[in-house]
Amino acid sequence: MKRAPRANPYRDRWAGDLRPDAVGTTVTVAGWVHRRRDHGGLIFLDLRDRSGLLQLVIHPQPGDETFAAAEALRPEHVVSVTGEVVAREAGKVNPELATGEIEVAVHDLRTLAEAQTPPFQVDDDGQLDEMTRLRHRAIDLRRETMRTALELRHEVVAAIRNHLGEYDFLEIETPILTRSTPEGARDFLVPNRREPGTWYALPQSPQLFKQLLMIGGYERYFQIARCFRDEDMRADRQAEFTQLDVELAFVEEDDVIELIEGLMARVFEVGGFDVPPPPWDRMTYAEALARYGSDRPDRRFGLELRDVSGALRGSQFKVFQSVLDSGGAVVVLNAGRVELSRSELDGLNEVVQRHGGKAVAWAFVESGPPTPSWRSPIAKFFTAEQIAAVGGEPGELLLFAADERQVALEALGGLRVELAQRLGLERSGHDVLWVVDFPMFGWNAGEERWDPLHHPFTAPTGSLDDPGALGSRNYDLVADGVELGGGSIRIHEAEVQQKVLDLIGIDADEAQRRFGFLLDALRHGAPPHGGIALGIDRIVAMLAGRDSIRDVIAFPKTASGADPLTGAPAPVDERQVRELGLRAL
Ligand code: ASP
């Protein structure tokens with residue numbers, strides 16, 4: 001801890017901060033009983049406060065109340081003790097503990113609160129069931145792994161605030177009760193009691209407000225912003241999450257990217273995350289998709305994809321040929337020299353299906369005179385030239401997907417990552433890069449309309465008359481295959497904004513109704529501007545080496561959006577519902 005606490009009847013020192021230089025002094029410390037051991041007539045207590053652990057020793061003295069009180073202590077009781085700091089005997093030093101060279105010989109002990117038997121022990125041994133941890137979060141938060149994660153989170157946010165402060169950014173809050181922002185997810189709605197039938201939406205991001213701040217002349221804004229998206233939860237998402245939201249005026253891509261590189265280099269340093277110094281690589285979306293089947297490539301291992309449509313066109317294999325005839329592609333992933341059993345190979349189908357594909361075809365390359373041949377159920381459909389053109393070394397496993405090009409690439413991209421895990425491919429070090437030059441829209445076949453890949457306030461490049469060919473001024477920051485954040489240069493002209501909304505099926509009337517406040521502001525002198533948002537939960541989880549973002553959020557929800565601690569979401573009183581002009585189900 002940076003400073004000693006103000007002395008009061010509970011404590012005058014942090015327990016975990018005591019070192020041999022304090023030997024001979026009398027201290028008062030307070031905290032929780034972490035462990036109690038009775039030993040040769042002595043009682044040893046490990047006292048825990050936020051600064052760490054400290055060993056207390058209580059010597060028996062006839063008729064001594066302190067000893068009697070110590071005997072009654074149980075784990076997690078809350079105590080304040082006064083005693084003398086003494087050096088431990090040489091053999092008793094505990095090198096594992098920062099305070100391991102000393103202990104406190106207690107002469108006065110006050111029990112401040114008793115604790116029931118905790119639902120689990122407050123140490124980090126043993127695999128605890130997450131539901132139990134979340135239900136008893138106050139106790140779970142006492143564990144060192146939780147404390148270090150939340151300390152790191154604080155350090156990260158503090159570094160962000162310092163860095164952006166040095167660059168003249170203002171931290172400005174934006175509303176939580178607001179109107180829908182189209183980030184592409186479902187809104188959380190809040191009924192308005194004063195005018196039943198009208199609703200607030202919780203912000204999916206502060207996107208429109210930060211643009212208004214630019215139009216308002218603030219030029220450099222940031223916020224550690226809470227965002228809400230009512231999505232069907234995927235494994236490691238929270239409906240409510242925190243992002244660093246940034247916006248700047250009179251900027252282009254390089255300005256935002258350089259700023260964030262400086263900032264993130266500092267954040268990575270805080271987390272002891274060893275990345276190459278910036279500038280970081282920039283890869284186009286097209287290249288990322290073609291080589292890695294993903295817009296967030298993990299480049300720490302090979303297994304790159306290749307489009308072999310040209311090589312395999314005209315084969316006897318109907319499945320490939322009909323895909324090629326209808327404008328699709330055949331893509332191959334060379335998995336290297338691996339032996340997979342027939343059932344393991346069949347199991348790969350399920351993996352690609354999870355990533356949007358249909359099936360994988362497989363072939364083992366064999367050296368066969370004069371050119372390579374395949375050991376594969378589909379080998380007979382291909383000529384020696386075709387097999388040679390696909391390439392590969394003897395013993396290597398080739399995995400093929402045939403589909404619409406993007407679908408085939410993404411399916412194998414998903415398989416690529418899972419295979420790397422399964423094969424235990426080394427993924428040492430860390431890899432950071434920008435993915436740039438995204439398309440503006442993707443075709444939503446179900447709804448028969450264009451959907452923005454980022455959001456509809458992103459500035460397009462190219463002609464608005466050809467939406468499918470439009471690029472966007474969008475950039476994503478990716479580390480180790482995880483998207484840490486993304487942003488864009490924005491549209492700052494009302495007519496262009498109107499046109500883009502029109503392309504995604506929001507006509508002028510609806511645009512005016514939903515985003516009139518933005519369109520009006522854009523008509524009053526909007527500077528060119530752009531920004532980014534970075535996911536704080538994900539970044540901290542990555543730096544802390546935690547698999548789940550729930551481990552770096554003090555009070556998270558489960559994957560199904562429930563809060564086992566408070567029991568939310570929960571029914572409310574009938575009366576409350578009526579007041580809102582609603583009817584309970
Ligand atoms: N509002 C965007 C998001 O939340 C980020 C941005 O474009 O700045 O993803």
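Excluded from the calculations below are hydrogen atoms, water molecules and symmetry mates; all remaining heavy atoms, backbone and side chain alike, are included. Remember, it's a predicted structure, so these values are computed and weren't measured experimentally.
Salt-bridge formation is detected for the pair Arg36/Asp38: a Lys NZ or Arg NE/NH1/NH2 atom is positioned less than 4.0 Å from an Asp or Glu carboxylate oxygen. Classification of Glu76 and Arg142 as a salt-bridged pair holds, one side-chain N sitting under 4.0 Å from a carboxylate O. The existence of a salt bridge linking Glu166 and Arg266 is confirmed by a sub-4.0 Å separation between a basic side-chain nitrogen and an acidic carboxylate oxygen. Salt-bridge annotation for Arg161 and Glu171: present, with a side-chain N of the basic residue lying under 4.0 Å from a carboxylate O of the acidic one. Ionic pairing of Arg19 and Glu101 is not present here: no N-O contact between side-chain nitrogen and carboxylate oxygen is shorter than 4.0 angstrom. Remark: Asp123 does not engage Arg143 in a salt bridge, criterion side-chain N to carboxylate O under 4.0 Å. Between Arg296 and Asp480 no salt bridge is recorded (no basic side-chain N to carboxylate O distance below 4.0 Å). Salt-bridge annotation for Glu114 and Arg74: absent, with no side-chain N of the basic residue lying under 4.0 Å from a carboxylate O of the acidic one. A salt bridge does not link Asp573 to Arg578: none of the charged side-chain nitrogens sits closer than 4.0 Å to a carboxylate oxygen. A salt bridge links Asp281 with Arg299: the closest approach of a Lys/Arg side-chain nitrogen to an acidic carboxylate oxygen falls below 4.0 angstrom. Using a 4.0 Å cut-off between a side-chain N of Lys or Arg and a carboxylate O of Asp or Glu, Arg490 and Glu247 qualify as a salt bridge. Between Asp563 and Lys557 there is no salt bridge, since no side-chain N of the basic residue sits under 4.0 Å from a carboxylate O of the acidic one. With respect to the salt-bridge test (charged N to carboxylate O, under 4.0 angstrom), the residues Asp49 and Arg11 qualify. Checked for salt-bridge contact, Arg300 and Asp298 meet the test: a charged N lies under 4.0 Å from a carboxylate O.
Remark: of the listed residues Val156, Asp274, Leu543, Leu543 is the sole one forming a side chain to side chain contact (heavy atoms under 4.5 Å, CB included) with Phe268.
Under the 4.5 Å side-chain criterion, counting only non-hydrogen atoms from C-beta, Leu112 is in contact with Tyr10. Inter-residue side-chain proximity for Ile172 and Phe222 is flagged as unmet; no heavy-atom pair is nearer than 4.5 Å. No side-chain heavy atom of Ile102 sits under 4.5 Å from any side-chain heavy atom of Gln55.
Judged by distance alone, the side chain of Glu261 and the main-chain N or O of Trp280 form a donor-acceptor pair under 3.5 Å. At least one donor-acceptor pair closer than 3.5 Å links the side chain of Arg147 to the backbone N or O of Arg50. Looking at Arg48, its side chain never comes within 3.5 Å of a backbone N or O of Gly52 through a donor-acceptor pair. In this structure, His77 contributes its side chain and Ala115 its backbone to a donor-acceptor pair below 3.5 Å. Distance alone, capped at 3.5 Å, places no donor-acceptor pair between the Lys210 side chain and the Tyr221 backbone. Looking at Thr174, its side chain never comes within 3.5 Å of a backbone N or O of Pro206 through a donor-acceptor pair. For Arg229 (side chain) and Gln204 (main-chain N/O), a donor-acceptor pair under 3.5 Å exists by modelled atom type. Side-chain atoms of Arg153 come within 3.5 Å of backbone N or O of Val552 as a donor-acceptor pair. At distances below 3.5 Å, not a single donor-acceptor pair connects side-chain atoms of Asp230 with backbone N or O atoms of Ala239.
The minimum heavy-atom distance between Gly581 and Pro196, with the atom names listed, is CA-CB, 4.1 Å. The two residues Arg546 and Thr145 come nearest to each other via the heavy atoms NH1-O, 3.1 Å.
Side chain to side chain, Gln238 and Asp537 fail the donor-acceptor criterion of an N or O pair below 3.5 Å. Under 3.5 Å, the side chains of Asn192 and Thr198 contain a donor-acceptor pair of N or O atoms. Inspection of the Gln211 and His529 side chains reveals an N or O donor paired with an N or O acceptor under 3.5 Å.
Dense packing is recorded around CZ of Phe44, with more than 12 heavy atoms of other residues, nucleotides or ligands lying under 6.0 Å away.
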Worked verdict on Glu483 versus Arg538 for salt bridge (charged side-chain N to carboxylate O under 4.0 Å, His left out): CA-CA 9 Å; Glu483 184 195 322; Arg538 181 117 327 127; over 6 Å; no
Intermediate values then yes/no, salt bridge (charged side-chain N to carboxylate O under 4.0 Å, His left out), Asp129 and Arg135: CA-CA 10 Å; Asp129 161 55; Arg135 197 168 305 125; over 6 Å; no
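To the nearest 0.5 Å, atom CG of residue Leu18 and atom OG of residue Ser51 are 8.0 Å apart. Residue His34 holds its NE2 atom at 12.0 Å from CG of Leu45, rounded to the nearest 0.5 Å.
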